[in-house]
Asker: 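Pasting a structure here, questions to come.
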Amino acid sequence: MSLRKNKKWIVLAGSVLVAGVLAGCGTSGEKIDNATQLLEQLNYEAALAEFDLAEEAGENERLIARGRGIAYMGLTDYDNAIANFEASLGASDGFVQNVDFDVNYYLAAAYFKSGQSLEAEEAYNAILALRPDEEDAYFLRGNVRLERGNYEGAKEDFDKVVSMDSNNYDRLIEIYRALEHYGYKAVGQEYLNNAMKAAGDKMDSYDSGRMYYYLEDYQKACVALEKARSKGDAESFLYLGKSYEATGDYNYAASVYNSWIAKDTGSAAIYNQLGLCEMQMGSYKRALDAFQAGKKVEGNSLMQTLSFNEIVAYEYLGEYTQASVLLDSYLKTYPDDEVAKREKQFLATR
């Protein structure tokens with residue numbers, strides 16, 4: 001039984017565009033707006049029913065197909081998702097609009113999730129053919145190329161991303177994590193080292209601390225991030241705590257997380273990491289409290305991770321019935337989580 005770790009290497013742009021790019025595709029309509037809110041609440045079945053009502057009301061057919069595609073993705077029905085995204089693209093009037101790029105990102109995600117990595121790459125090719133400066137598409141295509149075993153092509157895409165904005169350290173770290181996931185850690189660390197050399201003293205303590213963390217020089221990471229602590233945000237505290245965890249000092253790491261929570265309760269990531277830290281120390285009740293507090297943070301993007309970790313905490317506490325009830329509910333919302341499916345088999349033996 002393992003703790004929930006960070007999300008998989010690839011974060012597809014579509015996952016953050018539920019209420020996003022609608023411009024250039026006409027008005028949406030009341031039913032579509034209602035359905036979009038249901039999508040944001042991960043209530044996919046209800047969203048599909050609302051899109052049916054939107055169709056009956058004669059609302060925008062392209063946005064209905066787009067929304068249905070997103071709902072089917074949430075239900076892990078990738079064939080229907082692909083069909084709807086293609087229908088949305090097919091209903092175009094021939095003029096390329098913002099929504100076409102948005103839907104292509106979703107389509108690429110659906111292809112990838114269904115195991116059709118070649119088709120996913122072709123979707124990113126279509127985006128880049130019309131928008132050759134689309135940094136996200138290069139990055140995501142690089143991820144897909146890694147999945148397909150095309151290291152050279154992926155490296156070319158990542159190099160292009162870096163050349164477009166060499167000071168985007170968030171993206172550099174994403175590139176590192178993608179390469180590390182596929183067994184190219186040294187190459188990923190080379191990107192980080194090059195960024196540090198290029199920036200020199202101009203790189204602030206927060207960014208250098210993050211670089212040292214991924215370079216696995218945890219002592220230097222701690223020193224740099226301690227400097228960033230006084231004026232830092234939740235991310236500074238998160239990396240500082242994780243750096244101390246990496247040295248084995250879980251007690252101090254927990255104090256770092258708690259010091260942030262004492263002044264700001266709005267970071268689900270801090271609560272989640274505190275919970276994981278408490279789990280490492282065997283403090284399962286405190287871990288459970290942290291995960292549950294994190295779930296209460298409005299609008300957080302870690303609900304799936306926190307929900308799974310909550311289940312694991314209940315298991316360690318020996319409360320298998322409660323863990324089983326929560327896991328059944330979890331799998332209804334996240335039916336394609338293979339780790340959770342194995343966890344269900346484990347609980348069946350308790």
Asker: If you apply the rule side-chain hydrogen bond (donor to acceptor under 3.5 Å, both in side chains), what do you find for Tyr284 with Glu319, and how did you get there?
Answerer: CA-CA 11 Å; Tyr284 305 124; Glu319 298 186 31; over 6 Å; no

Asker: In chain order, what residues pass the ring pair (Phe, Tyr, Trp, His ring centres under 6.0 Å) check against Tyr252, with sequence neighbours excluded?
Answerer: Tyr244

Asker: I'd like to check Ser243 versus Leu225 (side-chain heavy atoms, cut-off strictly below 4.5 Å). Are they in contact?
Answerer: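 Yes - at least one pair of side-chain heavy atoms lies under 4.5 Å apart.
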
Asker: Looking only at non-hydrogen atoms, find the nearest pair between Phe308 and Ala340 and report the distance.
Answerer: CE1-CA, 3.7 Å

Asker: How long is the gap from CG on Asn125 to CG on Asn104, to the nearest 0.5 Å?
Answerer: 10.5 Å

Asker: If you define the side chain from C-beta out and look only at heavy atoms, does anything of Lys31 sit under 4.5 Å from Phe51?
Answerer: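 Of all side-chain heavy-atom pairs linking Phe51 with Lys31, none is under 4.5 Å.
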
Asker: Looking at Tyr239, is Lys242 sitting on its ring face, NZ or CZ under 6.0 Å from the six-membered ring centre and within 45 degrees of the normal?
Answerer: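 Yes, Lys242 and Tyr239 form such a contact.
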
Asker: Using a 3.5 Å distance criterion without hydrogens, assess whether the side chain of Ser324 forms a donor-acceptor pair with backbone atoms of Tyr320.
Answerer: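 Answer holds: no.
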
Asker: Taking 4.0 angstrom as the limit, do Asp170 and Arg210 come out as a salt bridge?
Answerer: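 Answer for the salt bridge query: yes.
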
Asker: Got Ile175 and Leu179 here, is their nearest side-chain heavy-atom distance under 4.5 Å?
Answerer: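 Heavy-atom side-chain distance check passes, below 4.5 Å.
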
Asker: side-chain hydrogen bond (donor to acceptor under 3.5 Å, both in side chains) for Glu180 and Gln189? Distances and angles first, verdict last.
Answerer: CA-CA 9 Å; Glu180 190 273 339; Gln189 290 181 329; over 6 Å; no

Asker: With rounding to the nearest 0.5 angstrom, report the CG to CZ distance, Asp136 to Arg131.
Answerer: 11.0 Å

Asker: Work out which heavy atom in Thr333 is nearest to a heavy atom in Tyr44; give both atom names and the distance.
Answerer: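 Scanning both residues completely, I find the closest heavy atoms to be O-CE1, 4.3 Å.
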
Asker: Looking at Thr265 and Ile261, what are the two nearest heavy atoms and their distance?
Answerer: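 The answer is CG2-O, 3.6 Å.
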
Asker: Under 3.5 Å, is there a donor on one side chain and an acceptor on the other for Tyr78 and Asp336?
Answerer: yes

Asker: Would you find a donor on one side and an acceptor on the other, under 3.5 Å apart, between the side chain of Glu59 and the backbone of Glu30?
Answerer: yes

Asker: Could you tell me whether the side chain of Asn80 and the main chain of Asp77 form a donor-acceptor pair under 3.5 Å?
Answerer: no

Asker: Quick check: do Pro335 and Leu75 have side-chain heavy atoms less than 4.5 Å from each other?
Answerer: no

Asker: Are Tyr176 and Tyr214 an aromatic pair by the rule of ring centers under 6.0 Å?
Answerer: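 Ring centres of Tyr214 and Tyr176 closer than 6.0 Å.
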
Asker: Any donor-acceptor pair under 3.5 Å linking the side-chain atoms of Arg229 with those of Ser259?
Answerer: yes

Asker: Would a distance-only check, ignoring hydrogens and angles, find a side-chain to backbone donor-acceptor pair under 3.5 Å from Thr349 to Phe346?
Answerer: yes

Asker: Write down the atom of Ser166, the atom of Leu172, and the distance for their closest heavy-atom approach.
Answerer: O-CD1, 3.7 Å

Asker: May I ask whether Ile127 and Leu130 are part of the same hydrophobic cluster, defined by side-chain heavy atoms of I, L, V, M, F, W, Y residues being less than 4.5 angstrom apart, directly or through others?
Answerer: yes

Asker: Spell out, as yes or no, whether a donor-acceptor pair under 3.5 Å connects the side chain of Ser88 to the backbone of Asn84.
Answerer: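 No, Ser88 side chain to Asn84 backbone: no donor-acceptor pair under 3.5 Å.
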
Asker: Measure the spacing between OG1 of Thr36 and CG of Leu63 and express it to the nearest 0.5 Å.
Answerer: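 It is 8.0 Å, given to the nearest 0.5 Å.
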
Asker: Glu245 and Gln280: side-chain donor and acceptor closer than 3.5 Å?
Answerer: no

Asker: Can you confirm whether Arg286 is buried at CZ, in the sense that more than 12 heavy atoms of other residues, nucleotides or ligands lie under 6.0 Å from that atom?
Answerer: no

Asker: After noting the C-alpha distance and the side-chain angles of Tyr330 and Gln304, does the key distance pass the side-chain hydrogen bond (donor to acceptor under 3.5 Å, both in side chains) rule?
Answerer: CA-CA 8 Å; Tyr330 175 93; Gln304 181 177 359; 3.1 Å; yes

Asker: Any link between Tyr72 and Leu38 through a network of hydrophobic side chains (Ile, Leu, Val, Met, Phe, Trp, Tyr) touching at under 4.5 Å?
Answerer: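 They do not share one cluster, since no chain of ILVMFWY contacts under 4.5 Å joins Tyr72 to Leu38.
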
Asker: Report the distance from atom CZ of Phe291 to atom CG of Asn272, rounding to the nearest 0.5 Å.
Answerer: 5.5 Å

Asker: Is the shortest heavy-atom distance from the side chain of Ser92 to the side chain of Arg62 under 4.5 Å?
Answerer: yes

Asker: Among Tyr206, Tyr257, Trp260, Tyr271, which residue satisfies the ring-ring contact (aromatic ring centres under 6.0 Å, His included) criterion with Phe237?
Answerer: Trp260

Asker: Any donor and acceptor pair, going by atom type alone, linking the side chain of Asp264 with main-chain N or O of Ser267 inside 3.5 Å?
Answerer: no

Asker: Using the rule given for salt bridge (Lys or Arg N to Asp or Glu O under 4.0 Å), can you reason through Asp328 versus Lys332, listing the C-alpha separation, both sets of side-chain angles and the distance that settles it, and then say yes or no?
Answerer: CA-CA 7 Å; Asp328 286 342; Lys332 289 179 181 178; over 6 Å; no

Asker: With salt bridge (Lys or Arg N to Asp or Glu O under 4.0 Å) as the criterion, how do Glu216 and Lys185 come out once you've worked through the C-alpha distance, each side chain's angles and the decisive distance to 0.1 Å?
Answerer: CA-CA 11 Å; Glu216 300 178 341; Lys185 178 192 280 189; 2.8 Å; yes

Asker: For Glu50, give me all partners under side chain to side chain donor-acceptor pair (under 3.5 Å), at least two apart in sequence or on another chain.
Answerer: Asn34

Asker: For atom CD of Gln322, is the number of surrounding heavy atoms from other residues, nucleotides or ligands below 6.0 Å larger than 12?
Answerer: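 Yes.
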
Asker: Quick check on the 6.0 Å ring-centre criterion: do Tyr184 and Tyr151 meet it?
Answerer: yes

Asker: Would a 4.5 Å heavy-atom cut-off, applied to side chains only, mark Leu326 and Tyr314 as touching?
Answerer: yes

Asker: What heavy-atom pair brings Met203 and Met196 nearest, and what distance separates the two atoms?
Answerer: CE-CA, 3.9 Å

Asker: Kindly determine whether Arg68 and Glu55 satisfy salt bridge (Lys or Arg N to Asp or Glu O under 4.0 Å), including the steps that lead there.
Answerer: CA-CA 11 Å; Arg68 282 172 171 160; Glu55 185 175 35; 2.8 Å; yes

Asker: Set out, in order, the CA-CA distance, both residues' side-chain angles and the distance that settles salt bridge (Lys or Arg N to Asp or Glu O under 4.0 Å) for Asp159 and Lys155, then state yes or no.
Answerer: CA-CA 6 Å; Asp159 286 345; Lys155 182 73 164 50; 3.3 Å; yes

Asker: If the threshold is 4.0 Å, N to carboxylate O, is there a salt bridge linking Lys285 and Asp289?
Answerer: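 Result for this pair is yes, salt bridge flagged.
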
Asker: Between Arg145 and Asn150, is there a donor-acceptor pair closer than 3.5 Å when you use the side chain of the first and the backbone of the second?
Answerer: no

Asker: Kindly compute the distance separating NZ (Lys197) from CG (Leu192), expressed to the nearest 0.5 Å.
Answerer: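 One finds 12.0 Å between NZ of Lys197 and CG of Leu192.
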
Asker: Tell me the closest heavy-atom pair linking Val256 and Gly241, and the distance in Å.
Answerer: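 Closest approach of Val256 to Gly241: CG1-N, 4.0 Å.
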
Asker: State yes or no: do Leu146 and Leu118 share one hydrophobic cluster built from I, L, V, M, F, W and Y residues joined by side-chain heavy-atom distances below 4.5 Å, directly or via other members?
Answerer: no

Asker: Among Arg141, Arg171, Lys160, find the one that has a salt bridge (Lys or Arg N to Asp or Glu O under 4.0 Å) with Glu135.
Answerer: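 It is Arg171; the other options fail the test.
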
Asker: Ignoring hydrogens and geometry beyond distance, is a side-chain donor-acceptor pair present between Glu134 and Tyr124 at under 3.5 Å?
Answerer: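 There is no such pair between these side chains.
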
Asker: Roughly how far, to the nearest 0.5 Å, is the CD atom of Glu121 from the CG atom of Asn143?
Answerer: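 Going from the CG atom of Asn143 to the CD atom of Glu121 covers 11.5 Å.
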
Asker: For residues Tyr212 and Val223: do they belong to one hydrophobic cluster (side chain heavy atoms under 4.5 Å, members Ile, Leu, Val, Met, Phe, Trp, Tyr)?
Answerer: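 Looking at the clustering, Val223 is in a separate group from Tyr212.
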
Asker: So Leu288 and Gln292, do their side chains get closer than 4.5 Å, heavy atoms only?
Answerer: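 Of all side-chain heavy-atom pairs linking Leu288 with Gln292, at least one is under 4.5 Å.
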
Asker: Which ILVMFWY residues can you reach from Tyr250 by hopping between side chains whose heavy atoms are under 4.5 Å apart?
Answerer: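 Hydrophobic cluster check, Tyr250: joined to Met281.
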
Asker: Honestly curious: do Val325 and Leu317 fall in one hydrophobic cluster under the side-chain, below-4.5 Å linking rule?
Answerer: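 No, separate clusters.
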
